[in-house]
Amino acid sequence: MRGLRRWWDDTAGGLPATFWYLWSGLLINRAGAFALLFLSLYLTAARGAPPSLAGLVVGAYGIGGAAGTLLGGVLADRWGRRATLLAAHVAAAGLMAALAFTTHLAVIAVLATLVGVAHSMPSPAFVAAIVDVVPEARRSRAFNLQFWAFNLGMAVASLLAGILAEASFTALFLVDAGATLAAAVVIALKVPETLTRRPAPTPRAVAGRRPGLHTALTDRTFLVFVGLTFLLAVLTMQTSTIMPLAMREDGLRPSAYGLVVALGGALIVVGQLFVPRLIEPYRKSSVLAVSTGLMALGFGALTVADGLLLYLGAAVVWTVGQMLAAPPNAQINADLAPPELRARYQSVFYLTFPAASFVAPALGGLSLEHLGERHWLVVGALGLLAAAGHLLAGPRRERRVAALRAAARRPGTVGSTR
């Protein structure tokens, strides 16, 4: 019993109540965000759209997501975290309800784009609020729990989506809207504004300008980290973009692909809570190097995979890498951001994921077509490159974080972004 209590304290202890309300809002949000999983099927089966048009509409959702990420970051630093979260959730609920009753394909495309904006706006605000309220020493466990909630919510969403889609697409969109509103209610009732309004700083400005989004976009140390995260995201996206094609070429059925994906999700839900205690003694750059190396090994192993057991074994390896990477990746991102620009930095960081969702299938499809199984050697090489990059960039990141902490103790300044 004492060991269990110690594990719980190491995993979730010492976190403020506001964090848990944010966590609950995120879990409800993700568990209810299932309608877009079936958007392409809805368009083709219920609205008679050809697959090419359905693909364009889903792509429009992705474009809206990229814009919403940047917009959410700017608004969370200007309006506040709570106001941005509430506006995004209420807008998303209304748009999803409109989608439930819209039949015109052009209107559906516009609504899907706007839903992409509304769905992506909360991400920078959620993370910035967590950083605002969680003491630095406990942020790793907070981000670990955030990653766990996200994956648990997505697992629930996948299950509910299949059940509701069988019953009614209208119900699918309306229940999604209801869950989004439920998350908004939790935030409205329980989450205070976490953004501390500071006196106007005396900034170390870029080209004489006041700090803003351009500060993050010209911060070399931060952009190196973003680039390494982009490589990690490209590896992660292989599971939903290229791996199904490779499994089909190996003669495996869609149910086999579903089993591989389900195994990864189950490992995260069961094992993620044990990660903070495991990685705590080590430097973040070392953990990221090991985790990215494991992902490189797992995907590289698909070069010789031709049966389900080998795919399952490789999935275990790369999923462990993902689990180890989640807390330090999020914490470094938070540490590198000046407090006044916290959400803007988050928005630039989160752009890596829509970018990877485009690059991974676009270039990965060409690679698989021309290189065959050697495509996975290329993927593995990218992972090893990212692992080496984390080891090389780690010391500079640590010096930068130390400089930001020193600057934070001096009122009226924003830390250097060089």
Side-chain angles (χ1 to χ4, degrees), residues 62 65-66 69 120 123-124 127 140 143-144 146-148 150-151 154 216 219 221-243 261 264-265 267-268 271-272 275 278-279 282-302 314-337 345-364 367 375-394 396-397:
T69 298
S120 296
S123 295
V127 178
S140 180
F143 288 129
N144 188 69
Q146 177 204 13
F147 182 71
W148 183 73
F150 185 92
N151 283 276
M154 289 302 294
D219 181 341
T221 302
F222 174 66
L223 291 179
V224 168
F225 174 67
V226 169
L228 293 171
T229 303
F230 170 73
L231 292 179
L232 185 147
V234 169
L235 265 66
T236 301
M237 290 292 175
Q238 300 296 313
T239 57
S240 60
T241 57
I242 305 304
M243 190 181 71
V261 174
L267 284 173
I268 291 172
Q272 192 67 44
V275 168
L278 178 65
I279 66 175
Y282 305 102
R283 296 170 65 177
K284 297 181 185 68
S285 56
S286 299
V287 174
L288 283 174
V290 170
S291 62
T292 312
L294 285 172
M295 293 179 67
L297 178 63
F299 285 110
L302 297 186
V316 170
V317 176
W318 76 59
T319 302
V320 170
Q322 288 177 286
M323 292 163 63
L324 295 177
N329 210 51
Q331 189 169 1
I332 290 172
N333 179 37
D335 289 344
L336 288 174
Y345 270 65
Q346 294 293 335
S347 67
V348 174
F349 172 80
Y350 273 98
L351 278 180
T352 59
F353 300 102
S357 69
F358 171 77
V359 170
L363 297 184
S367 175
H375 162 78
W376 300 110
L377 292 178
V378 175
V379 174
L382 286 176
L384 293 177
L385 178 65
H390 279 297
L391 291 177
L392 293 172
R396 182 169 183 173
R397 286 198 301 254

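Computed over heavy atoms, backbone and side chain alike; hydrogens, waters and symmetry mates excluded. Positions are given from 1 along the sequence.
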Spacing of [X] atom [atom1] and [Y] atom [atom2] [to the nearest 0.5 Å]:
| X | Y | atom1 | atom2 | result |
| --- | --- | --- | --- | --- |
| M237 | F353 | CE | CZ | 7.5 Å |
| N151 | I268 | CG | CD1 | 4.0 Å |
| H390 | I332 | NE2 | CD1 | 7.0 Å |
| L324 | T319 | CG | OG1 | 11.0 Å |
| R397 | L336 | CZ | CG | 7.0 Å |
| S120 | L351 | OG | CG | 9.5 Å |

(message) Among residues at least two apart in sequence or on other chains, which ones pass side chain to side chain contact (heavy atoms under 4.5 Å, CB included) with L377?
(response)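 Once residues adjacent in sequence are excluded, the partners of L377 under the side chain to side chain contact (heavy atoms under 4.5 Å, CB included) criterion are T303, R374.
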(request) Under the ring pair (Phe, Tyr, Trp, His ring centres under 6.0 Å) rule, collect the residues that match up with F143, sequence neighbours excluded. (result) none
(request) Compare every heavy atom of V275 with every heavy atom of P327, then report the nearest pair and how far apart it is. (result) CG-CG1, 4.1 Å
(request) Please identify each residue that fulfils side chain to side chain donor-acceptor pair (under 3.5 Å) with Q322, with sequence neighbours left out. (result) none
(request) List for me each residue that meets side chain to side chain donor-acceptor pair (under 3.5 Å) alongside N333, sequence neighbours excluded, and say none if there are none. (result)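 Per chain and number, N333 pairs via side chain to side chain donor-acceptor pair (under 3.5 Å) with Q346.
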(request) For W376 and M243, run side-chain contact (heavy atoms from CB on, under 4.5 Å): C-alpha distance rounded to whole Å, both residues' side-chain angles, the deciding distance at 0.1 Å, then the answer. (result) CA-CA 10 Å; W376 300 110; M243 190 181 71; 4.2 Å; yes
(message) Between T352 (side chain only) and F349 (backbone N and O only), is there a donor and an acceptor less than 3.5 Å apart?
(response)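 Flag set: sc T352 to bb F349 pair under 3.5 Å.
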(request) Go through F222 and V348 one step at a time and tell me if the side-chain contact (heavy atoms from CB on, under 4.5 Å) criterion holds. (result) CA-CA 10 Å; F222 174 66; V348 174; 3.8 Å; yes
Using a 3.5 Å cut-off and no angle test, enumerate the donor-acceptor pairs between side-chain atoms of residues 284-302 and protein atoms at least two apart in sequence or in another chain.
{"residue": "S291", "atom": "OG", "partner": "V287", "partner atom": "O", "Å": "3.1"}
{"residue": "S291", "atom": "OG", "partner": "L288", "partner atom": "O", "Å": "3.0"}
{"residue": "T292", "atom": "OG1", "partner": "L288", "partner atom": "O", "Å": "2.7"}

Please tabulate, for the side chains in residues 227-236, all donor-acceptor contacts under 3.5 angstrom to protein atoms that are two or more places apart in sequence or on a different chain.
{"residue": "T229", "atom": "OG1", "partner": "F225", "partner atom": "O", "Å": "3.0"}
{"residue": "T236", "atom": "OG1", "partner": "L232", "partner atom": "O", "Å": "3.0"}

